[in-house]
Amino acid sequence: MKLDLAIRELHRAERTLARELTSVAARHKADHEVYHVARDIAGWSTDHVHRLARAGHRYGLDLDSAPRTAPRTAPVQERLSTLLGHRSEPALLLLVDLRHLHRVAAGVSLDWELLAQGAQATGDTELLELARRCHPDTLRQMRWANSMLKILAPQILAS
């Protein structure tokens, strides 16, 4: 059984997603919607990290239940974002960041699918329930990045 590998990878991926969302929020503080929503939904991934660490104990894993998910450079990024305001260069960077977030969230979503399939195959109802509880959050994170791209791309690319 290799569910421990799936749990470990998903833990790493959720931690990365939380850090990326927090980074995007910091880099685009001038865009209040991006700033606040990205910070809020980063909390979902942080919660998933805690839950995965607890679930991992049953598989002999010692995963950090409270890893650092905020980048060390966040204060500098926030200050720079405030200084640059709504110039066109940060807007293009926002598109790049949202594309990256979408891809990271899609990878996390696939990892939740894999974990759910493995849990179902082995009859681990607790792990299956964890996947059923957390995966919808990841899908919402991915849809948020996608809808922000659809909203912002026309304005940014046509200006």
Side-chain angles (χ1 to χ4, degrees), residues 1-29 31-81 93-152:
M1 190 176 336
K2 296 172 183 60
L3 282 174
D4 60 329
L5 297 174
I7 294 168
R8 182 185 306 278
E9 175 56 21
L10 186 50
H11 182 268
R12 184 205 59 75
E14 283 282 10
R15 197 175 63 236
T16 298
L17 182 54
R19 192 172 27 254
E20 292 295 330
L21 282 161
T22 305
S23 244
V24 166
R27 274 195 298 278
H28 303 285
K29 188 176 183 183
D31 186 319
H32 296 292
E33 181 178 355
V34 170
Y35 177 74
H36 291 290
V37 174
R39 286 174 49 104
D40 287 347
I41 65 178
W44 299 349
S45 285
T46 301
D47 178 58
H48 299 171
V49 167
H50 298 306
R51 291 172 184 266
L52 286 163
R54 284 195 306 271
H57 287 295
R58 292 188 301 116
Y59 288 88
L61 297 173
D62 184 25
L63 302 171
D64 190 353
S65 66
R68 181 178 179 83
T69 56
R72 290 186 169 103
T73 58
V76 173
Q77 291 173 337
E78 285 183 11
R79 184 161 166 75
L80 187 59
S81 173
L93 177 59
L94 178 57
L95 289 182
V96 170
D97 283 344
L98 289 168
R99 284 181 67 239
H100 179 70
L101 278 177
H102 188 274
R103 287 193 309 268
V104 172
V108 173
S109 175
L110 287 172
D111 288 344
W112 278 116
E113 288 286 354
L114 295 174
L115 186 68
Q117 293 299 315
Q120 189 170 23
T122 60
D124 188 333
T125 56
E126 286 182 47
L127 204 53
L128 185 57
E129 183 54 35
L130 177 65
R132 285 185 178 149
R133 155 67 184 90
C134 296
H135 188 207
D137 292 342
T138 304
L139 291 172
R140 284 194 298 272
Q141 290 167 320
M142 190 171 59
R143 282 193 300 266
W144 173 76
N146 188 47
S147 69
M148 290 304 295
L149 283 164
K150 288 177 182 179
I151 291 166
L152 296 173

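FYI, the numbering just counts along the sequence from 1.
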Ignoring hydrogens and geometry, is there a side-chain-to-backbone donor-acceptor pair from Ser109 to Ala105 under 3.5 Å? no
Of Arg140, His36, Gln141, which is the lone residue that meets side-chain contact (heavy atoms from CB on, under 4.5 Å) with Ile41? Gln141
Shortest non-hydrogen contact from Glu14 toward Ser45: OE1-OG, 2.7 Å
Output for pair (Leu127 CG, Arg51 CZ), nearest 0.5 Å, gives 12.5 Å
Interatomic spacing from CG in Leu3 to OG1 in Thr122 - rounded to 0.5 Å: 4.5 Å
Evaluate the side-chain proximity of Met148 to Glu33: yes if any heavy-atom separation is below 4.5 Å, no if none is. yes
Walk me through it: do Val108 and Glu113 pass the test side-chain contact (heavy atoms from CB on, under 4.5 Å)? CA-CA 9 Å; Val108 173; Glu113 288 286 354; over 6 Å; no
Does a side-chain heavy-atom distance below 4.5 Å link Leu130 with His135? no
Looking at every non-hydrogen atom in both residues, tell me the closest pair between Leu52 and Leu63 and how far apart they are. O-CD1, 4.0 Å
Minimal heavy-atom distance between Leu115 and Ala6, with the atoms involved, is CD1-CB, 3.9 Å
Between Trp144 and Leu149, does a side-chain contact (heavy atoms from CB on, under 4.5 Å) hold up when you go through it step by step? CA-CA 9 Å; Trp144 173 76; Leu149 283 164; over 6 Å; no
In this structure, CG of Leu5 is separated from CG of Leu114 (nearest 0.5 Å) by 12.0 Å
Once rounded to the nearest 0.5 Å, what's the spacing between atom CG of Leu17 and atom CZ of Arg103? 13.0 Å
Measure the shortest side-chain to side-chain distance between Val96 and His100 over non-hydrogen atoms and say whether it is less than 4.5 angstrom. no
Looking at every non-hydrogen atom in both residues, tell me the closest pair between His11 and Val49 and how far apart they are. NE2-CG1, 3.3 Å
When you compare the side chains of Trp112 and Gln117, does any donor N or O come within less than 3.5 Å of an acceptor on the partner? no
Under the criterion salt bridge (Lys or Arg N to Asp or Glu O under 4.0 Å), I'd like the reasoning laid out for Asp4 against Arg8: C-alpha separation, chi angles, the key distance, then a yes or no. CA-CA 6 Å; Asp4 60 329; Arg8 182 185 306 278; 5.7 Å; no
Enter the distance from Leu21:CG to Asp97:CG here, rounded to the nearest 0.5 Å. 10.5 Å
With side-chain contact (heavy atoms from CB on, under 4.5 Å) as the criterion, how do Thr125 and Glu129 come out once you've worked through the C-alpha distance, each side chain's angles and the decisive distance to 0.1 Å? CA-CA 6 Å; Thr125 56; Glu129 183 54 35; over 6 Å; no
For Thr138, is there any backbone N or O sitting under 3.5 Å from a side-chain donor or acceptor partner on His48? no
Leu98 versus Ala145, closest heavy-atom pair with distance: O-CB, 3.9 Å
Counting neighbours of CZ on Arg99 that are heavy atoms of other residues, nucleotides or ligands and sit closer than 6.0 Å, is the number greater than 12? no
Should Asp124 and Tyr59 be marked as a side-chain hydrogen bond (donor to acceptor under 3.5 Å, both in side chains) after you check the CA-CA gap, both sets of side-chain angles, and the distance that decides it? CA-CA 11 Å; Asp124 188 333; Tyr59 288 88; 2.3 Å; yes
Between SG on residue Cys134 and CG on residue Leu10, distance to nearest 0.5 Å: 8.0 Å
